[in-house]
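Encoded as structure tokens, the structure appears first; notes follow it.
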Amino acid sequence: MQPKFFQEFIESLKRFGTIYGPVRRNGVLKYDRVESVDEIELDGERPMIPVKKLFHPMKFNMFQFDKDGFTPDYSSIEKKVIVGVPPCEIHSLLRLDEVFMEQPVDPYYAKQRENSAIIGYSCLPGDDCFCKSTGTDIVEEGFDLFFVNLGEFYLVWVGSSLGHDMVLEREDYFDENVTHEDIEDYIEWRQARDKMFKVSFDFKSMPDIMELSYGSPIWDYFAGKCLSCGQCSMVCPTCNCYTVTDVLDVSSEPEGRRERFWDSCMFVDYSLVAGGHNFRGARADRLKLWYTHKMKAFANEYGKPACIGCGRCVRTCPVDINVLTVAEALTKMEVPAQ
Amino acid sequence: MTVCNHEDNNPFQPEAARIVRQHDLIKDHRFFQVRFVDMKRAMSFTYNPGQFVMLSIPGVGEAPFSISSTPSRPGILEMGIRRTGKLTEALFTKRDNDIIYMRGPYGNGFNLDQMRNKDIIIVAGGLGVIPLRSILYYVLDNRDQFGRLFFLYGARTPEEMLFRTEFFELKERHDIECLYTVDKATSEWSEDVGVVTKLFAKLPEIDPHQTNAVICGPPVMYKYVIQELLKLELPKNQIQMTLERRMKCGVGKCGHCALDHIYTCIDGPVFTYWDTLHFRELI
Amino acid sequence: MTKTQKIEIEPLARVEGHGGIKVEIKNNEIKDVQVKILEGPRLFETLAIGKTPAEDLSLVPRICAICNLSHKYASLRALEKALDIHVPEVTQTYRQLMHHGEMLESHSLHLYFLALPDFFGYDNAVAMAEKYGDVVMKALALKKFGNKIMRLMGGRMIHGENPVLGGFGKLPNRETLLELKEEALTHLDFAMETIDILASLEVPDYPERETQFICLKPPHDEYDYYGDILLASDGKEYPLEDYKKVIIERTVSHSFAKRSAYNERPFTVGAIARVLNIGDRLKGKAKEARDKLLNERWHRNPIYNNFAQAIEQVFSLEDVIRIVDELVDKAHPEIVNAARDSGTGTGGVEAPRGTLIHHYTIENGVTVDADYITPTAMFLDDIEAFIRKSGENLLAKNEMDGIELKLEMVARAYDPCISCSAHLVSVDIE
Amino acid sequence: MSGGNITKPKPRVGIYGLTGCAGDQLLLIHCEDELLDIFNAFDIRSFVMASSNPIEEDMDVALVEGSVSTEEQKKHLMDIRKRAKILVAIGNCATVGGVQAMYAQDGTFKDRMKKVYGDMKFITEPMEGQPLDAFVTVDYYLPGCPISAKQALPLLSRLLHGAPPEPFPHPVCHECKLQENKCLLLDKKFCLGPLTQGGCGAVCPSHGLPCVGCWGPHSDANFKEHITLLESFGMTKDEVIRRIRNFGGHKILAYIKDL
């Protein structure tokens with residue numbers, strides 16, 4: 001497809017749902033409802049909060065309750081077309097599927113998934129990206145359409161029957177004949193892209209290293225630094241933890257809502273049980289859980305690590321605790337130089 | 001464009017349940033008999049010993065509670081609840097016929113298949129007897145499916161012994177060996193005095209490979225009870241225990257009870273001793 | 001035989017903070033009047049010392065919640081003078097918008113919820129809602145509008161950190177500004193309706209006595225709530241920096257708070273002082289409102305402060321509309337940095353209840369001296385004087401029934417905010 | 001919902017202010033949308049900031065704002081405690097002592113009193129602002145300077161239904177990230193978010209401004225590391241600690257005593 005058609009094509013997708021994509025709000029790039037198609041920012045930085053927020057919202061009402069009991073509240077579910085999702089984040093959704101779509105299915109997540117179309121978009125690695133190491137730099141499933149920006153033209157992969165319907169919407173914009181030259185352009189682009197990665201590490205050995213360094217003093221070093229601010233969990237595309245609370249209306253009637261919002265295993269009350277026993281009172285134990293989960297546990301369970309190499313923890317942690325520094329410290333068995 | 005489908009199966013949906021009867025067990029511990037209001041649901045509701053349910057009070061919240069009754073006596077669900085948090089505080093203000101909300105059952109429950117036709121040692125400490133009461137009656141109700149049954153229960157004082165009358169009545173039966181102990185006795189106490197591990201000396205000879213143990217009690221208890229069971233040479237995977245963790249959803253979504261790659265709420269709360277060696281944070 | 005009667009109104013309800021009035025009557029004569037402040041000391045001037053100007057700016061709104069933005073604003077004006085910061089006109093206009101939020105919020109709260117129940121004979125506004133539901137609901141909406149502007153410009157309803165040295169952390173976008181204008185237009189009708197309600201009310205004459213009024217003179221020809229010149233009702237003007245020579249503070253033996261005098265006599269500040277001193281500058285509907293309500297008794301009767309607030313509500317709503325028109329197509333100004341790190345500055349704004357002055361001396365980026373004079377500290381002496389007068393008049397006419405409420409009404413008319421009397425001195429009472 | 005259809009009597013409430021800016025009481029008055037509901041659902045016996053003729057008897061819930069700053073206030077607080085089944089400390093002054101307690105236990109209070117007031121004799125002995133729990137048992141805390149409606153209303157409605165209120169035991173950063181703000185620490189701004197009790201909705205960082213810590217210290221904060229981080233932005237440790245203490249009152253002392 002010619003780049004000049006891109007915006008018009010996206011505009012035509014409104015028929016399939018509200019358009020969402022990376023747009024700048026108050027100086028920060030966010031996945032948000034798109035007011036006009038030309039405000040979508042592609043080809044640059046990644047939104048700080050990942051696309052998971054459109055499927056596993058930061059905060060929403062699970063139920064409304066009154067004297068007759070609980071009624072599910074699905075008002076947060078909306079038909080969406082999400083534009084500009086990079087490969088790593090498409091992988092992150094597939095990881096979240098493993099948790100939320102497993103029986104019993106989380107109906108809130110499932111309904112968001114069912115009602116959302118994903119228009120993937122190619123990216124070039126930023127300074128902190130290491131998706132090549134996590135095997136999430138390319139994507140073969142999990143999208144309806146995927147645009148690869150080859151400069152002169154977009155190579156468009158169709159990933160679903162819905163994606164096909166979308167193409168049919170503006171059939172004249174697309175050229176079905178992929179020439180040999182096009183393929184060469186694409187391969188060249190892939191090779192150039194592969195060379196752009198600045199950081200990498202060996203993920204394959206991480207489960208073993210994690211297992212063997214359970215008692216390592218490295219954890220105490222990181223625990224000493226960790227601010228327990230929870231930002232790593234909020235920005236991580238595969239963190240799925242949430243908590244639930246009941247909020248009553250100011251009224252004599254027992255009416256209100258059951259709210260669900262993002263939580264983090266970095267917070268002190270995360271493993272606190274009624275009666276006061278805290279299974280993870282120590283900061284080191286909380287950090288260990290997070291990294292074990294990202295680099296080992298998920299792999300044990302689902303065959304792939306929960307880290308998708310997006311580099312958000314690298315960009316976000318104010319005290320440089322992230323997948324790269326922790327993996328390096330555990331691998332070398334030495335703490336990072338100050 | 002809001003999409004709403006009423007015909008869904010929402011696993012978080014709390015359903016109305018009636019408190020059929022409730023009474024105090026000991027101070028701050030109360031016994032609840034609960035039944036789903038929807039009779040069809042009440043009658044079809046079944047579970048494994050060792051499983052738990054999530055109880056809700058609208059506006060207060062939701063929390064997990066072990067089931068203390070046996071599925072062999074269907075219709076009514078029993079729970080022993082200690083006043084210890086916000087939800088239990090509110091639960092203790094409820095009276096007979098009040099409505100609460102319930103969903104479940106959750107968790108794996110005890111591995112009954114592994115236990116069938118074998119001898120069983122139940123070891124309970126304090127409040128830990130609540131989930132074990134479920135398997136205790138399950139075995140008694142299906143007596144022909146199991147071998148010998150030993151029930152070891154330790155409480156701090158005779159007053160703090162839960163289900164005391166009931167459990168002393170069990171002593172009359174010949175198909176179960178009941179051994180009770182308290183840390184601190186009163187004058188009328190005729191049973192043992194001391195920690196629960198002391199009771200192991202009273203057990204007859206057992207065949208470790210033909211025996212299963214189930215444990216529940218305060219965190220400190222596990223280590224010492226396991227030592228005793230290992231002395232008896234029970235295989236590590238024939239020692240089952242039920243563990244506590246913070247659970248919010250009960251269905252492996254919210255993450256709070258995560259341990260390594262498992263969720264206590266779906267992979268537990270019953271684990272074998274071997275599991276605890278494997279997943280270091282379990283106990 | 002001497003007969004001593006004590007009237008104690010404690011606590012003084014429906015004022016912001018804790019106060020009480022004590023009137024001692026002996027032999028049918030008023031012996032003593034004390035407006036007591038039961039608040040404990042907070043020593044704000046000493047808290048400001050040793051801090052950076054930015055920290056002071058975040059501390060001072062905590063002097064008083066209800067005029068927190070006035071404190072922020074006065075502090076900004078003082079600190080920016082000290083640090084030689086000159087904000088562009090657009091920033092100044094945004095500050096005026098912010099201040100209108102506080103005026104609307106504070107005036108509507110006081111007028112409808114604290115003062116009007118007295119006129120209609122209720123304990124509180126919620127009780128009043130049964131009969132005057134429409135007024136209460138519209139008043140709530142107006143107060144909410146004031147709060148909305150405060151939240152928008154201040155960062156939150158109370159103690160927002162958004163106004164910073166040299167500008168604002170975040171400014172509203174075009175749509176939000178236009179929304180404010182729309183909403184201001186809808187409240188204007190109710191603000192004018194209020195003028196008519198007040199015009200029909202009987203204002204009691206028992207407190208009447210001559211007094212003097214002080215307010216700030218705006219630096220332009222319009223009505224406004226800020227300035228660098230103190231303007232007194234005797235026509236004299238003084239540079240704000242000389243405030244210590246004009247407003248003489250003293251501690252007195254029968255009161256909790258420091259007291260102030262001008263020409264060695266008590267004086268009044270607040271909406272009534274502004275409308276009397278600079279009200280001839282009002283235009284549009286606000287002028288209409290002033291023409292309807294103003295009469296020569298205002299000079300002698302502080303209960304008219306409630307009326308003055310009603311006029312200012314109209315002015316503020318109209319000015320919000322003017323400001324939106326002025327700002328809507330202007331680019332957001334940058335934050336201006338300090339040009340120096342030492343200096344002295346005095347800043348003044350008209351808080352809802354009167355002139356508020358902040359003064360700082362900064363050395364090497366750290367505050368070494370701070371002084372605050374709040375409107376409540378300025379007018380407490382005059383409240384006492386008016387209560388004494390009221391007591392004398394009521395006594396003379398032998399109208400002792402419900403005297404507590406009548407005296408309370410006088411104190412309440414000033415809209416005193418006792419926690420903002422930064423200087424809390426308590427004194428021996430025999 | 002509960003057994004029978006007995007109409008429960010409305011909970012009797014008293015709302016009191018000790019030493020402070022009255023911002024927490026004012027915030028309740030500012031809940032325009034809920035104010036009438038509050039007055040309908042509760043039996044508000046005493047709220048002198050909003051209503052005349054208080055009834056000072058036994059009550060179900062007392063909300064108390066402000067620090068204890070005079071002997072007389074101490075007596076008043078103890079009287080409130082005696083009459084109230086549940087006592088809630090509302091606002092920074094009541095929960096930690098307020099800004100007036102930023103020099104808590106430094107021994108400068110007498111000198112500072114003298115600086116402002118000279119040699120005055122006081123009818124009631126003044127003291128450095130103390131949080132309520134220095135004198136009485138506090139059942140629940142609503143932190144904030146001032147409190148937020150988002151926390152206050154759920155607390156009130158829970159008390160209304162006899163349900164225990166839930167604290168928000170997370171730092172400001174939690175809500176800050178949920179507002180999709182870029183972390184100000186990455187720009188080396190003096191932000192106290194990680195040290196500060198959350199619940200405010202991260203308003204200041206959402207305006208691009210650093211958290212000043214007005215919700216008081218967060219019990220799980222890593223003070224040592226955060227102070228080191230702030231020092232690395234070019235500030236002395238003393239200066240960092242001075243700023244941390246602005247809103248930390250008495251409660252912050254325990255967290256910084258060994259640093």
Side-chain angles (χ1 to χ4, degrees), chain A residues 25-32 47-49 53 57-59 65-69 222-235 243 245-256 259 261-264 266-270 272 278 281 283 286 315-321 338, chain D residues 1-2 7-8 10-11 31 33-38 40-42 150 152-161 163 166-186 188 191 193-195 198 206-208 218-226 228-229 232:
Chain A
R25 302 275 182 256
N26 293 317
V28 177
L29 198 63
K30 300 175 182 182
Y31 283 107
D32 204 352
M48 183 178 66
I49 297 289
K53 77 169 200 182
M58 295 173 179
K59 191 172 198 165
F65 57 77
D66 57 21
K67 62 177 174 29
D68 298 323
F222 283 114
K225 281 184 85 70
C226 176
L227 301 175
S228 297
C229 66
Q231 292 193 75
C232 47
S233 304
M234 305 298 135
V235 303
T243 190
T245 186
D246 281 7
V247 184
L248 284 152
D249 299 338
V250 185
S251 147
S252 300
E253 295 299 313
E255 294 170 353
E259 274 182 6
F261 59 98
W262 288 3
D263 200 355
S264 165
M266 294 296 167
F267 296 139
V268 65
D269 63 316
Y270 184 79
L272 183 72
N278 195 339
R283 237 183 278 283
R286 290 180 248 156
R315 290 190 290 278
T316 302
C317 179
V319 289
D320 293 330
I321 305 174
Q338 291 293 316
Chain D
M1 178 141 334
S2 56
T7 325
K8 277 192 229 148
K10 292 178 183 180
C31 294
D33 293 336
E34 296 86 6
L35 191 64
L36 295 177
D37 293 336
I38 294 174
N40 282 333
F42 291 96
K150 208 173 60 78
L153 295 173
L155 176 129
L156 284 176
S157 52
R158 275 182 172 251
L159 292 178
L160 182 61
H161 292 279
E166 279 196 324
F168 182 75
H170 301 168
V172 169
C173 310
H174 186 189
E175 290 178 308
C176 190
K177 246 323 87 344
L178 297 187
Q179 304 275 341
E180 299 195 49
N181 298 321
K182 187 186 173 200
C183 180
L184 291 163
L185 294 169
L186 298 177
K188 303 199 185 307
C191 185
L195 301 185
S206 299
H207 285 78
H218 168 51
S219 61
D220 183 52
N222 188 343
F223 278 85
K224 187 170 178 287
E225 175 63 23
H226 196 55
T228 309
L229 179 69
S232 77

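Everything numeric in this text was worked out from a predicted model, so none of it was measured. Chain letters run A, B, ... following the sequence lines, proteins first and then strands; every chain starts at 1.
Heavy atoms closer than 4.5 Å to chain A are found nowhere in D:E175, neither backbone nor side chain. In this structure, chain A has heavy atoms under 4.5 Å from both the backbone and the side chain of D:H174. Only the side chain of D:L186 comes within contact range of chain A, with at least one heavy atom under 4.5 Å from a heavy atom of that chain. Of the atoms belonging to A:V28, it is side-chain heavy atoms, and not backbone ones, that fall under 4.5 Å from chain D. For chain A, the nearby parts of D:L153 are the backbone and the side chain; heavy atoms of each come within less than 4.5 Å. Residue D:L156: no heavy atom, backbone or side chain, is found under 4.5 Å from chain A.
Applying the side chain to side chain donor-acceptor pair (under 3.5 Å) criterion to D:D37, with sequence neighbours excluded, gives no partner residue. By the ring-ring contact (aromatic ring centres under 6.0 Å, His included) test, D:F223 is found to be paired with D:Y255, residues two or more places apart in sequence or in another chain being considered.
Residue D:N181 holds its CG atom at 8.5 Å from CG of A:N26, rounded to the nearest 0.5 Å. Between the CG atom in D:L185 and the OG1 atom in A:T316 there is a gap of 12.0 Å [rounded to 0.5 Å]. Between A:S251 atom OG and D:E34 atom CD the span is 12.0 Å, to the nearest 0.5 Å. Considering NE2 of D:H218 and CG of A:L227, their distance stands at 10.5 Å, rounded to 0.5 Å. Taking CD of A:Q231 as the reference point, atom SG of D:C176 lies at 7.0 Å (rounded to 0.5 Å). Atom CG of residue A:D269 and atom CD of residue D:E166 lie 10.0 Å apart, to the nearest 0.5 angstrom.
Of the listed residues (D:V172, D:L229, D:L178), the greatest number of heavy-atom pairs within a distance under 4.5 Å of chain A belongs to D:L178. Ranked by heavy-atom pairs shorter than 4.5 Å toward chain D, the options A:C229, A:G27, A:C317 are led by A:C229. Put simply, of D:L160, D:L195, D:T228, the one with the most heavy-atom pairs under 4.5 Å next to chain A is D:L160. When each of A:V235, A:V319, A:L29 is scored by its heavy-atom pairs under 4.5 Å with chain D, the top score falls to A:V319.
At most 12 heavy atoms of other shown residues, nucleotides or ligands fall within 6.0 angstrom of atom NZ in D:K224. Heavy atoms from other residues, nucleotides or ligands lying under 6.0 Å from NZ of D:K188 number 12 at most.
In this structure, A:S228 and D:P171 approach most closely via the heavy-atom pair O-CG, 3.6 Å.
Considering A:D246, A:V247, A:L248 in turn, A:L248 is the only one that fulfils the side-chain contact (heavy atoms from CB on, under 4.5 Å) rule with D:S157.
For the pair A:K53 and D:E180, the salt-bridge criterion is met [side-chain N within less than 4.0 Å of a carboxylate O]. Ion pairing between a basic and an acidic side chain is recognised when a charged N comes within 4.0 Å of a carboxylate O; D:D220 and A:R283 show such pairing.
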